[in-house]
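Okay, so here's the structure we're looking at.
Residue numbers start from 1 in every chain, and the chains themselves are labelled A, B, ... in the order their sequence lines are given, proteins ahead of strands.
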There are 2 protein chains.
Amino acid sequence: MSPKQGTKQGRTSERREALVQIAAELFADQGYRATTVRHIGDAAGVLSGSLYHHFDSKETILDELLSSYLGDLLDTYRAVVADGTTPTRALGELVRVSFRSMSEHRAAITVLQNERGYLRGLPRFDYLTEVEAEVRRIWITVLRDGVAAGEFRADLDPLVTYRFLRDSVWVAVRWFRRDGSLSADQLAEHYLSLIFDGLTQRV
Amino acid sequence: MSPKQGTKQGRTSERREALVQIAAELFADQGYRATTVRHIGDAAGVLSGSLYHHFDSKETILDELLSSYLGDLLDTYRAVVADGTTPTRALGELVRVSFRSMSEHRAAITVLQNERGYLRGLPRFDYLTEVEAEVRRIWITVLRDGVAAGEFRADLDPLVTYRFLRDSVWVAVRWFRRDGSLSADQLAEHYLSLIFDGLTQRV
DNA sequence: TTCCTACCCAAGCGCTAGCTTGGTAGCGTA
DNA sequence: TACGCTACCAAGCTAGCGCTTGGGTAGGAA
């Protein structure tokens, strides 16, 4: 998935990973393009030029951040649907693990959301489209299975419903705080209650 | 709301408005900061320096785009809740007019979403926070009224529910296309059906 | 004819971006 | 003692940024 490794810069090291995390926070808070290599250097306590001992470009730092996060996310999603439970339970788990990943990978997710349009123009990040396609496949399969099993309403368009769910969940990263009043799991339950049962009061 | 007018550049003109729209499309597609004044000039068929006959800065173009859109939106929202209908109908209308504004003001909304974090640091755009506060007040009032009237569930946190609705609706601007298979109104109905009744099949 | 206004060009200024280059301090290995 | 490797500094390159300045032109009013 990730770009060619094998150069002296291709292998991972502790320092390298730490630098990626430092850069990730800046990317998330100020935007990727608005974050300069001098900012990253300052935050890491080195001169900007020294970053190029570890990475061959600023883009490489971003790539490393995104590809490693997305690799994890896909693994988690695949595990959820491989379980073979009911669609309702599977959908619940997809929402829960998504919210959990939000508290662990806030920076990566934020960057992904904010810079998606920009990255679409870079061939290096073509793999983002592939990952999105698999994620969509997983969610929509669960939705279709739920309709087939009579658990979900049959009058809803699966694609529109998927987009609704995806957007609702992931955009929460904009305001979700780890130290906020609601934990990721509590938030997931709140969202699930809305998603499954709606806003209307039942009599 | 908007900055001081009255200079020779303060008044509106056809050319001025056309330039704002040209810039708006570029801002939306490439990001505000990634769009250079030379890009805008090229798209408008003039040299970049000529833009400064109409605007005193690139920031002014953005300000004009956002403030005029938000003025319209607030007027529309105020009219919806001033009607004095039921909370269910009011919420439905809020969602509908939001989706409608999406097809008319795609560029402004997209920019607002993508650059919100950046604009937070600019005093010139402090009014965005005020507008957001009023919008939130309007939505949450409808939600609370709905609970009080027994139309909406009482076990949901209004603030979390507001964020859920706001995010779900507005993020759709990322993929909504005017010429797509679904109109803004059709999309609104689909979303409302999900929001009110949820995903679960009722027996 | 003269003047004003709106609109635009041509050229370039000061600045900052990502990145490069040559060199060096510290440490483990033989 | 010498070597090689990792991590870094110091200095500066080129490209492109937002914006300025001075000037030119077309069209209408006086």
Side-chain angles (χ1 to χ4, degrees), chain A residues 3 5-24 26-27 29-66 111 115 118-119 121-125, chain B residues 3 5-24 26-27 29-66 111 115 118-119 121-125:
Chain A
Q5 301 208 336
T7 72
K8 93 174 178 196
Q9 299 178 335
R11 290 256 47 82
T12 62
S13 76
E14 286 185 23
R15 183 58 174 153
R16 200 178 155 88
E17 288 176 24
L19 289 173
V20 169
Q21 282 311 309
I22 288 169
L26 296 174
F27 290 164
D29 294 341
Q30 319 189 20
Y32 168 69
R33 279 161 293 177
T35 301
T36 71
V37 292
R38 277 167 251 262
H39 288 155
I40 302 172
D42 287 351
V46 297
L47 288 185
S48 64
S50 304
L51 295 171
Y52 290 83
H53 169 70
H54 301 276
F55 310 94
D56 50 19
S57 71
K58 179 183 160 188
E59 213 175 75
T60 298
I61 304 180
L62 178 63
D63 195 351
E64 196 151 315
L65 173 70
L66 298 184
V111 175
E115 312 291 343
Y118 169 66
L119 298 177
L122 306 180
R124 173 171 199 167
F125 292 95
Chain B
Q5 299 210 335
T7 72
K8 93 173 178 199
Q9 298 179 336
R11 290 256 48 84
T12 60
S13 75
E14 284 186 24
R15 183 58 172 152
R16 199 179 156 87
E17 288 176 25
L19 289 172
V20 169
Q21 281 312 310
I22 288 169
L26 296 174
F27 290 163
D29 294 341
Q30 319 189 21
Y32 168 70
R33 280 162 292 178
T35 301
T36 72
V37 291
R38 277 167 250 264
H39 288 155
I40 302 172
D42 286 350
V46 298
L47 287 185
S48 64
S50 304
L51 296 172
Y52 290 82
H53 169 73
H54 301 276
F55 310 93
D56 49 19
S57 71
K58 179 182 159 187
E59 215 175 72
T60 298
I61 304 180
L62 179 63
D63 195 350
E64 195 151 316
L65 173 70
L66 298 185
V111 176
E115 311 291 342
Y118 168 66
L119 298 177
L122 305 180
R124 173 171 200 167
F125 293 94

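Counting to the nearest Å, the C1' atom of D:dC8 and the CG atom of A:Asp42 are 15 Å from each other. The distance between atom CG of A:Leu51 and atom P of C:dG18, rounded to the nearest whole Å, is 10 Å. The distance from atom CG of A:Leu47 to atom P of C:dG18 is 15 Å, rounded to the nearest whole Å. Atoms CZ (B:Phe55) and P (C:dC7) sit 11 Å apart, rounded to a whole Å.
Legend: residues meeting side chain to side chain donor-acceptor pair (under 3.5 Å) with A:Arg15, ordered by chain and number and at least two apart, are absent. Residues passing the side chain to side chain contact (heavy atoms under 4.5 Å, CB included) test with B:Leu47 are B:Ser50, sequence neighbours excluded. Qualifying side chain to side chain contact (heavy atoms under 4.5 Å, CB included) partners for B:Glu59, counting only residues two or more places apart in sequence or in other chains: B:Tyr32, B:Ser57, B:Leu122, B:Arg124, B:Phe125.
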Considering only distance and modelled atom types, tabulate donor-acceptor pairs under 3.5 Å from the side chains of residues 38-46 of chain A, sequence neighbours left out.
unit_1: A:His39; atom_1: ND1; unit_2: A:Thr36; atom_2: N; d: 3.2
unit_1: A:His39; atom_1: ND1; unit_2: A:Thr36; atom_2: OG1; d: 3.4

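Taking NZ from A:Lys58 and CG from A:Leu51, the interatomic distance works out to 11.0 Å, rounded to the nearest 0.5 Å.
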Contacts under 3.5 Å, N or O only, protein and nucleotides 3-5 of chain C:
none

List every contact pair, protein side and nucleotides 14-20 of chain D side both N or O, where the distance is under 3.5 Å.
unit_1: D:dG18; atom_1: OP1; unit_2: B:Thr35; atom_2: O; d: 3.3
unit_1: D:dG18; atom_1: OP1; unit_2: B:Lys58; atom_2: NZ; d: 2.9
unit_1: D:dG18; atom_1: OP2; unit_2: B:Val37; atom_2: N; d: 2.9
unit_1: D:dG18; atom_1: N7; unit_2: B:Arg38; atom_2: NH2; d: 2.8
unit_1: D:dG18; atom_1: O6; unit_2: B:Arg38; atom_2: NH2; d: 3.1
unit_1: D:dC19; atom_1: OP2; unit_2: B:Tyr52; atom_2: OH; d: 2.6
unit_1: D:dC19; atom_1: OP2; unit_2: B:Lys58; atom_2: N; d: 2.8
unit_1: D:dC19; atom_1: O5'; unit_2: B:Tyr52; atom_2: OH; d: 3.4

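Residue B:His53 places at least one side-chain N or O under 4.0 Å from the OP1 or OP2 atom of C:dC7.
Counting heavy atoms from C-beta on, the side chains of B:Glu64 and B:Phe55 come closer than 4.5 Å.
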